[in-house]
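None of the values given here were measured: they were computed from a predicted structure. Each chain gets a letter, A, B and so on, in the order its sequence line appears, and its residues count up from 1.
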Amino acid sequence: MRRFRIVAWLLVVLVGSMLAVTYALRWLDPPTNFDRTQPLLPLEGSFSLTTQTGASFTEANLADKPSVVFFGFTNCPDICPTGLAELTDILARLGPDAEKLQVLFVAVDSARDTETVVRDYLTAFDPRILGLTGPKDEIDRAVATFKAFYEIIPGTGPDDYTVNHSAGMFLIDKGKRFVGKLDSHEDVEVRLQKLNRLVKSSL
Amino acid sequence: MSKSIIAPFAFLLLFASSALAHEFKAGTLVIDHPWSRATPPSAKVGGAYFTVTNTGTEPDILISANAVIADRAEFHSMTMDGDVMKMAKVDEPFVIKSGESITFEPGGLHLMLFDLKDGLNEGETFSGELKFEKAGPITVEFRVDKMGAKTPSKPKAGSGDADDHSGMDHDAE
């Protein structure tokens, strides 16, 4: 009985010291380096679009700040206003860190979504969200750069067409590398944590 | 003493919940809480949502719907194909069998409102009409909820008898 107790205590000491060593090693070499924990795909391509205030925005601007990139169109009844409303809420909860990100809404419906339409549309959301518009060939170049997707689906009337498009929000670091996505089905809390990580990745 | 304080609040709650939940009846069909969502400026489209339950013994078919604030309305589905959001007009008839329900909600089936005359603002209401093969047309009132709301801000359907106290119930001829 006494021997059993000694063996049990020895085991406790052994496990305890193993845990201590593990934590000590992690403390000495914290796994916070974003580059090492994520496969990073570099973006390839170039594009030249315009923000809702008339400023130029090209792929070079992706180096300014880490970016959250959302593709959509203003004649979208569901996922676009919902996504932008949720993003507005998430940016508010990020607090001052939101300033360290740039949030892009790429309007893929170049025929209907002019700079003015997108400017009006975005007044309903966080004013830091940049609405990017441009001619169809430049929109296509931007979509290809991010490896996103959209297609025009004809409707009943000539102006009633709808647009199928990528729903996730692309997370791009300052090195112009794809680091992940926000999914509309994820809890807002999860998306908030992903943006926190994106901010930290570029410090 | 404490009862006399609680009573007015209890009444307020009762009225508040009956003001939030509303339903419409067409024969044996019950249309629960038609609602919509506020739209951003210059948005030309919106979505409208509702649940139809068939409490009768015969099936019925939802044929069409419209709303006064939109030029045109169609039934559309939204589906996810991987990460791609797809929208499509649904032409197949919506058969509602005896004892069954059909729900139009964000992220799924919706009544697509085209060419909004004005934007939709939270707190507003607008009237619309749902047309059924047997029950005929029925006028309903849609409540406009928050932009991006995934569910309407009201007690869940059938969660109590708040609906029964509602002054908003309408019976079709």
Side-chain angles (χ1 to χ4, degrees), chain A residues 52 70-89 105 107-109 112-125 129 131 147-157 159-170 181-185 188, chain B residues 35-49 64 66-67 69-91 104-116 118-122 142 144-153:
Chain A
Q52 74 268 43
F70 184 35
F71 297 86
F73 66 118
T74 69
N75 279 262
C76 173
D78 199 339
I79 197 162
C80 305
T82 304
L84 290 167
E86 287 175 342
L87 202 50
T88 296
D89 174 45
F105 174 70
V108 293
D109 183 1
R112 292 184 295 200
D113 288 344
T114 62
E115 195 182 306
T116 318
V117 167
V118 170
R119 180 167 59 229
D120 279 358
Y121 187 82
L122 288 178
T123 57
F125 307 103
I129 300 174
K147 296 186 173 66
F149 174 83
Y150 83 97
E151 61 181 343
I152 307 274
I153 303 296
T156 315
D159 289 327
D160 288 343
Y161 63 87
T162 186
V163 186
N164 295 341
H165 60 87
S166 300
M169 301 188 185
F170 294 64
K181 265 186 191 177
L182 301 184
D183 187 295
S184 58
H185 298 91
V188 166
Chain B
W35 66 292
S36 184
R37 307 190 293 186
T39 54
S42 65
K44 302 300 285 176
V45 298
Y49 316 101
S64 64
N66 62 54
I69 42 84
D71 193 42
R72 233 158 32 73
E74 291 174 357
F75 296 121
H76 280 219
S77 66
M78 186 201 120
T79 51
M80 292 299 296
D81 179 3
D83 186 44
V84 176
M85 184 285 303
K86 294 189 164 179
M87 279 208 296
K89 184 169 182 274
V90 181
D91 291 317
F104 289 70
E105 61 191 343
L109 289 170
H110 53 275
L111 179 62
M112 176 86 173
L113 307 171
F114 283 101
D115 283 328
L116 295 176
D118 292 300
L120 301 176
N121 299 303
E122 188 179 349
F142 291 89
V144 183
D145 221 295
K146 217 173 91 195
M147 194 180 300
K150 284 187 171 163
T151 51
S153 46

Quiz item: Under 3.5 Å, side chain of A:D120 to main-chain N/O of B:P41, donor-acceptor pair present?
Solution: no
Quiz item: Checking B:K86 against chain A: side chain, backbone, both or neither under 4.5 Å from a heavy atom?
Solution: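 When you check distances to chain A, atoms from both the backbone and side chain of B:K86 fall under 4.5 Å.
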Quiz item: Non-hydrogen atoms of chain A under 4.5 Å away: do they reach the side chain of B:K150, the backbone, both or neither?
Solution: side chain
Quiz item: Just how far is it from atom OG1 of A:T162 to atom NE2 of B:H76, taken to the nearest 0.5 Å?
Solution: 7.0 Å
Exercise. Drop me the distance from B:M112's CE to A:C76's SG, to the nearest 0.5 angstrom.
Key: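 B:M112 CE to A:C76 SG: 8.0 Å, rounded to 0.5 Å.
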Quiz prompt | Which atom of A:V163 lies closest to which atom of B:M85, heavy atoms considered | solution =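 Heavy-atom minimum between the residues: O-CE, 3.7 Å.
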[X] versus chain B, heavy atoms under 4.5 Å apart: side chain, backbone, both or neither?
| X | result |
| --- | --- |
| A:F71 | neither |
| A:Y150 | neither |
| A:A167 | both |

Practice problem: Could you have a look at B:M78, B:R72, B:K89, B:M80 and say which one has the most heavy-atom pairs with chain A under 4.5 angstrom? | Solution: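 Among the listed options, the one with the most contacts to chain A is B:R72.
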Quiz item: Of all of B:G107, B:A149, B:G82, which one pairs up most often with chain A through heavy atoms under 4.5 Å apart?
Solution: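 Option with the greatest count: B:G107.
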Quiz item: When you check the side-chain N and O atoms of A:R119 and B:S42, is any donor under 3.5 Å from an acceptor?
Solution: no
